[in-house]
Amino acid sequence: MLSHICLGTNDFPRAYAFYTALLGELGLIEKFHDRDKPWAGWMAQDAPRPLFVLTAPHDGLPAAPGNGQMTALLAASRAQVDRCHRAALALGAVCEGPPGLRPHYHAHYYGAYFRDLDGNKLCVCCHAGE
């Protein structure tokens with residue numbers, strides 16, 4: 001369904017370091033990185049899409065998170081959700097909801113929420129039972 005997710009940043013080197021560590025926890029690999037543009041993209045090891053792309057806005061205006069927008073990243077296990085949330089907070093993210101079951105979504109939904117260094121809201125979630 002998705003080709004790519006693109007998030008804007010106002011400090012590419014700082015955001016690149018954050019996402020390199022965070023997406024590594026999910027087993028995603030870097031597909032490209034161009035400091036001069038600046039932009040970078042990550043993908044699953046076994047599929048070229050969807051891509052997670054980080055970039056400075058093309059129009060030259062400041063990046064700003066939207067109200068009600070969120071990017072959710074799929075984790076293979078609840079332990080991976082926990083590791084990603086811990087890593088994100090250690091890298092400077094702000095907690096928006098600690099790891100845990102969210103049965104109001106469905107019986108096995110386990111997620112954690114945080115805002116990245118630019119204020120973008122992210123979720124890391126697992127849909128599998130324990």
Side-chain angles (χ1 to χ4, degrees):
M1 179 199 294
L2 297 175
S3 168
H4 59 280
I5 299 290
C6 184
L7 291 182
T9 180
N10 293 307
D11 186 339
F12 183 79
R14 181 179 75 151
Y16 174 77
F18 177 89
Y19 279 104
T20 296
L22 179 68
L23 298 175
E25 289 287 340
L26 291 170
L28 300 178
I29 58 172
E30 188 175 290
K31 181 173 183 171
F32 62 87
H33 177 205
D34 183 346
R35 287 181 173 90
D36 295 329
K37 194 163 189 167
W39 71 329
W42 292 263
M43 63 186 219
Q45 294 181 21
D46 60 350
R49 300 266 183 232
L51 285 175
F52 184 95
V53 179
L54 177 69
T55 187
H58 293 281
D59 63 7
L61 297 175
N67 185 24
Q69 297 173 353
M70 179 178 66
T71 299
L73 304 169
L74 187 60
S77 69
R78 293 175 182 185
Q80 195 174 38
V81 170
D82 295 342
R83 286 193 308 272
C84 285
H85 189 257
R86 275 194 308 274
L89 297 185
L91 293 162
V94 175
C95 182
E96 287 279 323
L101 285 170
R102 305 299 198 281
H104 52 286
Y105 296 141
H106 68 73
H108 300 296
Y109 187 96
Y110 188 89
Y113 300 84
F114 52 91
R115 291 199 181 262
D116 74 4
L117 306 176
D118 287 288
N120 296 300
K121 188 172 182 181
L122 293 126
C123 169
V124 177
C125 61
C126 176
H127 295 274
E130 192 59 32

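- Annotation: side-chain contact (heavy atoms from CB on, under 4.5 Å) contacts of A56 (sequence neighbours excluded): P38.
- Annotation: the span from I29 atom CD1 to T20 atom OG1 amounts to 12.5 Å, rounded to 0.5 Å.
- L117 and W42 fall within a single hydrophobic cluster, where Ile, Leu, Val, Met, Phe, Trp and Tyr side chains are chained together by heavy-atom contacts under 4.5 Å.
- Formation of a donor-acceptor pair under 3.5 Å by the Q45 side chain with backbone atoms of G27 is found in this model.
- In this structure, the side chains of L122 and R115 stay at 4.5 Å or more apart for every pair of heavy atoms.
- Hydrophobic cluster membership is shared by L91 and V81, with clusters built from Ile, Leu, Val, Met, Phe, Trp and Tyr side chains linked at under 4.5 angstrom.
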- Task: Before giving the answer on side chain to side chain contact (heavy atoms under 4.5 Å, CB included), spell out for E96 and C123 the whole-Å C-alpha distance, their side-chain angles and the decisive distance to 0.1 Å.
- Result: CA-CA 9 Å; E96 287 279 323; C123 169; over 6 Å; no
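- Taking both residues in full, the closest heavy atoms of V94 and L89 are given as C-CD2, 3.9 Å, listed atom of the first, atom of the second, then distance.
- With sequence neighbours excluded, the residues satisfying side-chain contact (heavy atoms from CB on, under 4.5 Å) with A88 are F18, L22, A93, F114.
- Note on residues 55-80: pairs passing salt bridge (Lys or Arg N to Asp or Glu O under 4.0 Å), not counting sequence neighbours, are R78-E130.
- Side-chain atoms of Q69 do not come within 3.5 Å of backbone N or O of K121 as any donor-acceptor pair.
- What you find for G8 and A63 is that their closest heavy atoms are C-CB, 3.6 Å.
- In the hydrophobic clustering (ILVMFWY side chains linked at under 4.5 Å, chained through shared members), M70 is joined by Y105, Y109, Y113.
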- Message: The test is side chain to side chain contact (heavy atoms under 4.5 Å, CB included); show your working for C84 and L73 and say whether it passes.
- Response: CA-CA 10 Å; C84 285; L73 304 169; over 6 Å; no
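- A distance of 8.0 Å separates CG in D34 from CH2 in W39, rounded to the nearest 0.5 Å.
- Every residue two or more places apart in sequence or in another chain that forms a side chain to side chain donor-acceptor pair (under 3.5 Å) with H106 is listed here: H127.
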- Message: One pair to check against side chain to side chain contact (heavy atoms under 4.5 Å, CB included): I5 and V53. What are the steps and the verdict?
- Response: CA-CA 6 Å; I5 299 290; V53 179; over 6 Å; no
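- Applying the ring pair (Phe, Tyr, Trp, His ring centres under 6.0 Å) rule to pairs touching residues 57-77 yields nothing, sequence neighbours excluded.
- Every residue two or more places apart in sequence or in another chain was checked for a side chain to side chain donor-acceptor pair (under 3.5 Å) with R83, and none qualifies.
- Every residue meeting the side-chain contact (heavy atoms from CB on, under 4.5 Å) condition with R49, not counting sequence neighbours, appears here in chain and number order: S3, L51.
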- Message: Using the rule given for side chain to side chain contact (heavy atoms under 4.5 Å, CB included), can you reason through Q80 versus L26, listing the C-alpha separation, both sets of side-chain angles and the distance that settles it, and then say yes or no?
- Response: CA-CA 7 Å; Q80 195 174 38; L26 291 170; 3.8 Å; yes
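- The side-chain contact (heavy atoms from CB on, under 4.5 Å) test applied to D118 returns T9, N10, R14, A15, D116, N120, not counting sequence neighbours.
- Residues passing the ring-ring contact (aromatic ring centres under 6.0 Å, His included) test with Y19, sequence neighbours excluded: F52.
- For H108, there are no side chain to side chain donor-acceptor pair (under 3.5 Å) partners, not counting sequence neighbours.
- Looking at residues two or more places apart in sequence or on another chain, you find a ring-ring contact (aromatic ring centres under 6.0 Å, His included) between F12 and Y16, H33.
- Here the side chains of C95 and H85 are in contact, with some heavy-atom distance below 4.5 Å.
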